[in-house]
There are 2 protein chains.
Amino acid sequence: MKILIVEDEQRLATLLKKGFEENSFVVDLCFDGEEGLYMVETFPYDAVILDVMIPKIDGFTLLRTLREKQINVPILMLTAMGEVENRVKGLTSGADDYLPKPFDFTELLARLTAIIRRNKGGATSLLQIADLQLDINSKTVTRGGTQILLSAKEYAILEYMALNKNRVISRTEFSEHVYDMNFDLDSNIIDVYINRLRNKLDKKQTQKLIHTQRGSGYILKETE
Amino acid sequence: MKILIVEDEQRLATLLKKGFEENSFVVDLCFDGEEGLYMVETFPYDAVILDVMIPKIDGFTLLRTLREKQINVPILMLTAMGEVENRVKGLTSGADDYLPKPFDFTELLARLTAIIRRNKGGATSLLQIADLQLDINSKTVTRGGTQILLSAKEYAILEYMALNKNRVISRTEFSEHVYDMNFDLDSNIIDVYINRLRNKLDKKQTQKLIHTQRGSGYILKETE
DNA sequence: AGAAAGATTAACGGAAGATTAATTAGGGCC
DNA sequence: GGCCCTAATTAATCTTCCGTTAATCTTTCT
């Protein structure tokens, strides 16, 4: 999952980046509205965290601009003002959620995962593909009841496939959502991780869940 | 556990700060209602102690303002007036408890721990993880019946993990709840304390309770 | 058969964590 | 106020493990 944080307070920005990275997100940072606009137009983010009070273009204006351009990435707004009018203003301008400062990081994380999940069409935090289960909150994976231990990257790749099950994901799309902006396109790293995931969750199973679409990418689905 | 004390009498403020710190709290102090409002909006406290008679914004007004802003941190009010009407006024304005001056520090401590516990949903003061037991009131720890002596910070970190058992706690989250506002994000102090705790309570035990989640943080749990 | 795409494997290097020692801060006591 | 003891913190070093690279093997399609 890749997100963009637009926040000019250095300290808070760093804190948030670190916090999300600790929760297996890939995080790009920028510090004013202009940069923010550029980044959102250039890279496909799974969500954006947007402070209201930022230089050059303020949060509300940026939000409106994006929506006018039909860019419908989920957006969570932060504001220091803590007033009800702002909340209303934010939601009616097209923000998906709104969080007044101060907030508990856990709270922010919960809300952000919620709007991403909602956006991807799922309502629950439990993803199920045949007898494979992912719990997005605890980031745990089980197949047929037994737990499967995955590394951070392995999990990130599997989670992205699970959130987009029954759809072919290209290597490029993986790289855009699981890696940050300087990804080497000639690398075969996605193949390597697919292989590791297959060993951990499809090996010795009659029903394979990860399938290769030659020339296109990989797909996670239950039926042949 | 981190609390804020809003109290303009220097002497009392210092005394309270010291008292709570001796009981493993992290304490921020401020001296008038305006500052208080700012602090509560900026940092996530586990509870607030609020004197009624403070400069700029009085306690009741501050309390009401916070509640209107949907900031639901537990608040304990102090008043010098000692009249029944004030008690009623405080509780109906949304305070969680009320204590007339003069009071016994032990009494204040007991009430504060009570409202924090109530707020976190737990009713008991005994936390149990496998054969590890923490008594929140006496701040004593035992494993398999034998007592384990911990320093203040060691205890604070363990207590926070115990209150959130079976959930991964990131270093960022630790820093928010166990340290005050100027925490150095590059410090490895959490790692050092985890190491000490492991030496004191997991060493030479077959069942380890503190586990590392690489890239994320630490978790206290009984099962592998 | 040969080329292209994918699968597999081993190995390296670096980042994250563990550990330990050394320094600093603070509380208690006379 | 100064001394002592302990706790808190910093910093340096060691260890482990994961992300990545790259080389080789296998499959698939023309």
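Everything numeric here is computed off the predicted structure, so don't read it as measured data.
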Quiz item: Bend angle of the helix from dA1(C)-dT30(D) to dC30(C)-dG1(D) from five-pair axes at both ends, rounded to 10°?
Solution: 30°

Exercise. Decide if atom CZ of Phe105(B) counts as having more than 12 heavy atoms of other residues, nucleotides or ligands within a radius under 6.0 Å.
Key: yes

Exercise. Please name all residues satisfying salt bridge (charged side-chain N to carboxylate O under 4.0 Å, His left out) with Arg167(B), sequence neighbours left out, ordered by chain then number.
Key: Glu173(B)

Quiz item: When you check every protein heavy atom under 4.0 Å of nucleotides 24-30 of chain D, what one-letter string (B, S, -) results, 5' to 3'?
Solution: ----B--

Quiz item: Starting at the 5' end of DNA chain C and moving along, which residue's nearest nucleotide shows up first, Ser216(A) or Ser216(B)?
Solution: Ser216(A)

Quiz item: Has the side chain of Asp202(A) got a donor or acceptor atom that lies under 3.5 Å from a matching backbone atom of Leu209(A)?
Solution: yes

Quiz item: Would you find a donor on one side and an acceptor on the other, under 3.5 Å apart, between the side chain of Lys2(B) and the backbone of Phe25(B)?
Solution: no

Practice problem: Could you tell me which residues satisfy salt bridge (charged side-chain N to carboxylate O under 4.0 Å, His left out) with Lys139(A), sequence neighbours excluded, listed by chain and number? | Solution: none

Quiz prompt | Toward the 5' end of DNA chain C, by each residue's nearest nucleotide, Gly215(B) or Lys203(B) | solution = Gly215(B)

Could you pull out all donor-acceptor pairs under 3.5 Å where a side-chain atom in residues 186-194 of chain B meets a protein atom, sequence neighbours excluded?
from      : atom 1 : to        : atom 2 : distance (Å)
Ser187(B) : OG     : Ile189(B) : N      : 3.0
Asp191(B) : OD1    : Arg171(B) : NE     : 3.1
Asp191(B) : OD2    : Arg171(B) : NH2    : 3.3

Quiz item: Quick one: are Cys30(A) and Leu4(A) in side-chain contact, heavy atoms under 4.5 Å?
Solution: yes

Quiz item: Do Lys56(B) side-chain atoms and Glu35(B) backbone N/O form a donor-acceptor pair below 3.5 Å?
Solution: no

Quiz prompt | Sequence-distant partners of Arg196(B), salt bridge (charged side-chain N to carboxylate O under 4.0 Å, His left out), two or more places apart | solution = none

Quiz item: Are any of the side-chain heavy atoms of Lys18(A) and Glu22(A) separated by less than 4.5 Å?
Solution: yes

Practice problem: Give every residue pair that meets the ring pair (Phe, Tyr, Trp, His ring centres under 6.0 Å) criterion with at least one member in residues 135-160 of chain A, sequence neighbours excluded. | Solution: Tyr160(A)-His177(A)

Quiz item: Taking Gln128(B) for the side chain and Ala130(B) for the main chain, is one N or O donor matched with an acceptor at less than 3.5 Å?
Solution: yes

Quiz item: Going by heavy atoms closer than 4.0 Å, what residues in residues 188-197 of chain B are next to DNA chain C?
Solution: Asn188(B), Asp191(B), Val192(B), Asn195(B)

Quiz item: Residues two or more places apart in sequence or in another chain: which of them pass side chain to side chain donor-acceptor pair (under 3.5 Å) with Gln147(B)?
Solution: none

Exercise. Provide the start and end nucleotides, 5' to 3', of the part of DNA chain C that has atoms under 4.0 Å from heavy atoms of chain A.
Key: dA4(C) to dA11(C)

Quiz item: Which residues within residues 151-169 of chain A lie with some heavy atom under 4.0 Å of an atom in DNA chain C?
Solution: none

Exercise. For Glu176(A), check salt bridge (charged side-chain N to carboxylate O under 4.0 Å, His left out) against everything at least two apart and list the hits.
Key: none

Quiz prompt | Side chain proximity check, Val6(A) to Asp51(A), heavy atoms < 4.5 angstrom | solution = no

